Amino acid sequence: MPELPEVELVARALDKLVGGRCILAAEIRRARLVAGSTPKDFSRLIRGSCINCVNRRGKHILFELNGGLVLIAHLRMSGRFLLLPPEAPLPKFTHAIFYLDDERRLVFSDQRHFGMMKLVPAAQVHKTKELRALAPEPFSEEFTPQYLASTLARSRRTLKETLLDQTKVTGLGNIYAAEALFLSRVNPFIIAADFSRRRVGRLHQAILDVFTESIAHGSTLNIDPENIDGSYYGGAYEGRWRVYDREGEPCIACGSRIRRLTHAGRSTYFCPRCQRR
DNA sequence: ACCCTCACCTGCACGC
DNA sequence: TGCGTGCAGGTGAGGG
């Protein structure tokens, strides 16, 4: 269920915890986890690799291995990386185990089975179907208000749908899209192409602000790979949502009741007063 | 190129 | 207590 801030924090934590470690062996327990490969081939390919560093692109985690391979992982809704000490039992829904050279195991567990992993040559990473169509990184120089304005101008879908499209803006999910729209006081149901160009700057800034704030506060979820007993919930940023999951509660700005509408198959939370069309 | 629907899974909260 | 229903933070395939 992670969005950009969670994935960023997971990647940073993994970089610190497993950067420099080597993978002695890998065990894939759920075949469909590894896209485009068999568990056997995947394990054979990754065995003996050392992890140079761990990065992020969009919501994908990139393990850069020596030997010219990159492991691309996506957590989707419920995927989680855990670093288990030698005696710790495997969590439920363990789909992959990487045996490291420090006696620990890096485990991928995923209740809803939506997560995926893929090994690709380093030179091909950004040409894979997973990464090649992604929009610019929100914190890159490319992601300017002008970029956002011209992207929105070409979409006939609503702002909310367009913001969730990773080829238009990368990193937003259902929570932070709602938060960014609220913060900039923009109505989620405006057709993107009809959105006033004058207001794009404020929306652009709000996107950066919700990401920055959440990363700084430790995100909404408890994604610490070393917190192997903890629940997924209980992240430091939890409870700081301004509109998400607050249906019927008072708007923090005006006191109106926050509304929830199902839109494009997903819940959209907004303040009917602050976010008028 | 764009946009829509459905599919992938398990668990949990809710109402009866 | 049990059972049915709808919902959950993400994306890709396949169709038009």
Side-chain angles (χ1 to χ4, degrees), chain A residues 1-10 29-36 56-61 72-81 91-96 108-118 128-135 150-182 188-189 191-194 207 210-211 213-215 217-223 231-248 260-270:
Chain A
M1 319 194 253
E3 304 180 31
L4 183 144
E6 289 77 23
V7 179
E8 174 67 24
L9 290 164
V10 170
R29 301 188 150 202
R30 182 176 160 270
R32 275 152 62 198
L33 171 67
V34 289
R56 175 189 65 73
R57 171 72 175 105
K59 299 177 191 172
H60 299 261
I61 297 170
I72 305 178
H74 198 300
L75 306 173
R76 295 286 184 96
M77 300 283 260
S78 56
R80 204 169 172 187
F81 280 104
K92 213 172 167 186
F93 307 114
T94 292
H95 298 319
F108 182 77
S109 87
D110 185 6
Q111 179 196 104
R112 288 175 75 179
H113 299 200
F114 293 170
M116 80 92 202
M117 279 184 191
K118 192 174 187 176
T128 58
K129 67 171 171 26
E130 285 78 12
L131 303 192
R132 72 177 172 226
L134 289 180
S150 60
T151 299
L152 296 179
R154 279 182 269 117
S155 175
R156 295 304 305 170
R157 287 185 294 171
T158 63
L159 283 173
K160 170 82 182 313
E161 290 170 277
T162 309
L163 293 180
L164 289 179
D165 182 340
Q166 303 297 299
T167 70
K168 306 288 190 289
V169 179
T170 185
L172 287 171
N174 209 28
I175 295 178
Y176 294 108
E179 295 293 303
L181 287 162
F182 174 80
F189 309 109
I191 298 298
D194 297 343
I207 292 168
V210 293
F211 284 157
E213 180 187 45
S214 181
I215 291 170
H217 288 89
S219 99
T220 56
L221 296 171
N222 190 338
I223 37 73
S231 134
Y232 211 47
Y233 295 92
Y237 191 69
E238 193 176 8
R240 296 179 58 101
W241 298 327
R242 293 172 174 88
V243 277
Y244 182 80
D245 202 24
R246 296 195 62 233
E247 182 181 19
R260 179 179 76 90
L261 288 182
T262 299
H263 170 51
R266 339 222 11 209
S267 288
T268 294
Y269 297 88
F270 66 105

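Because the structure is predicted, anything quoted here is derived from the model rather than measured. A note on names: the letters A, B, ... follow the listed sequences, proteins ahead of strands, and every chain is numbered from 1.
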- [ ] Select from A/A264 and A/K168 the residue whose nearest nucleotide in DNA chain B is closer to the 5' end of that strand.
- [x] A/K168
Task: Check against salt bridge (Lys or Arg N to Asp or Glu O under 4.0 Å), A/R80 and A/E6 - done: CA-CA 11 Å; A/R80 204 169 172 187; A/E6 289 77 23; over 6 Å; no
- [ ] Before accepting this row, confirm whether a basic side-chain N of the pair A/E3/A/K59 lies closer than 4.0 Å to the acidic partner's carboxylate O.
- [x] no
Open item on the list: Working to the nearest 0.5 angstrom, can you tell me the gap between A/E247 CD and A/R260 CZ?
Closed with: 5.0 Å
Open item on the list: At less than 4.0 Å, is any side-chain N or O atom of A/H74 found next to OP1 or OP2 of C/dG10? Yes or no.
Closed with: no
Open item on the list: I'd like the 5' and 3' limits of the part of DNA chain B contacted by chain A, with heavy-atom contacts below 4.0 Å.
Closed with: B/dC3 to B/dG11
Task: Proximity to DNA chain B (any heavy atom under 4.0 Å), residues of residues 151-165 of chain A only - done: A/S155, A/R156, A/R157, A/E161
Task: Between C/dG6 (P) and A/R266 (CZ): distance, integer Å - done: 19 Å
TODO: Quick one: list whatever passes salt bridge (Lys or Arg N to Asp or Glu O under 4.0 Å) with A/D194, sequence neighbours left out.
DONE: A/R156
Task: Structure string for DNA chain B in dot-bracket form, Watson-Crick and G-U at under 3.5 Å, | interchain - done: .|||||||.|||||||
Task: C/dG10 OP1/OP2 closer than 4.0 Å to side-chain N/O of A/Q166 - done: no
Open item on the list: Between A/E213 and A/R242 (salt bridge meaning N to carboxylate O under 4.0 Å), is one present in this structure?
Closed with: yes
TODO: Output the distance between atom CZ (A/R112) and atom CZ (A/F93), rounded to the nearest 0.5 Å.
DONE: 11.5 Å
Task: Rounded distance [0.5 Å steps], CG in A/L9 versus NE2 in A/H217 - done: 12.0 Å
- [ ] In whole angstrom, give the distance that lies between atom CD of A/E3 and atom C1' of C/dG9.
- [x] 5 Å
- [ ] List in chain and number order the residues that pass side-chain contact (heavy atoms from CB on, under 4.5 Å) with A/R266, two or more places apart in sequence or in another chain; answer none if no residue qualifies.
- [x] A/L164, A/N174
Task: Nearest-Å distance for atom pair CG/P, residues A/D245 and C/dG9 - done: 9 Å
Task: Atom-pair distance (CD on A/E8; C1' on C/dG9), nearest Å - done: 18 Å
Task: Reported CG-to-OG1 distance for the pair A/L33 and A/T94, which is rounded to 0.5 angstrom - done: 11.0 Å
Open item on the list: Quick check for you: to the nearest 0.5 Å, what is the distance between A/S109 atom OG and A/L75 atom CG?
Closed with: 10.0 Å
Open item on the list: Does C/dG9 have OP1 or OP2 under 4.0 Å away from a side-chain N or O of A/Y244?
Closed with: yes
Task: Closest-nucleotide ordering on DNA chain C, the 5'-leading residue of A/G173 and A/T262 - done: A/T262
TODO: Return no unless some side-chain N or O of A/R112 is found under 4.0 Å from OP1 or OP2 of C/dA8.
DONE: no
TODO: Answer yes if the side chains of A/H263 and A/T158 hold a donor-acceptor pair under 3.5 Å, and no otherwise.
DONE: yes
Open item on the list: Strictly below 4.0 Å, N to O, side chains only: are A/D165 and A/R157 in salt-bridge contact?
Closed with: yes
Open item on the list: Can you tell me if A/R260 touches the phosphate of C/dC7, counting only side-chain N or O atoms and a distance under 4.0 Å to OP1 or OP2?
Closed with: no
Task: Separation of C/dA8 P from A/H263 NE2 (nearest whole Å) - done: 14 Å
Pick out the pairs of N or O atoms, protein on one side and nucleotides 12-14 of chain C on the other, that lie under 3.5 Å.
none

- [ ] May I ask you to check whether A/F189 and A/F270 place their ring centres under 6.0 Å from each other?
- [x] yes
Task: Separation of the P atoms in C/dC3 and B/dC9, to the nearest angstrom - done: 24 Å
Task: Approximate separation, where rounding is to 0.5 Å, of A/T268 OG1 and A/L181 CG - done: 8.5 Å
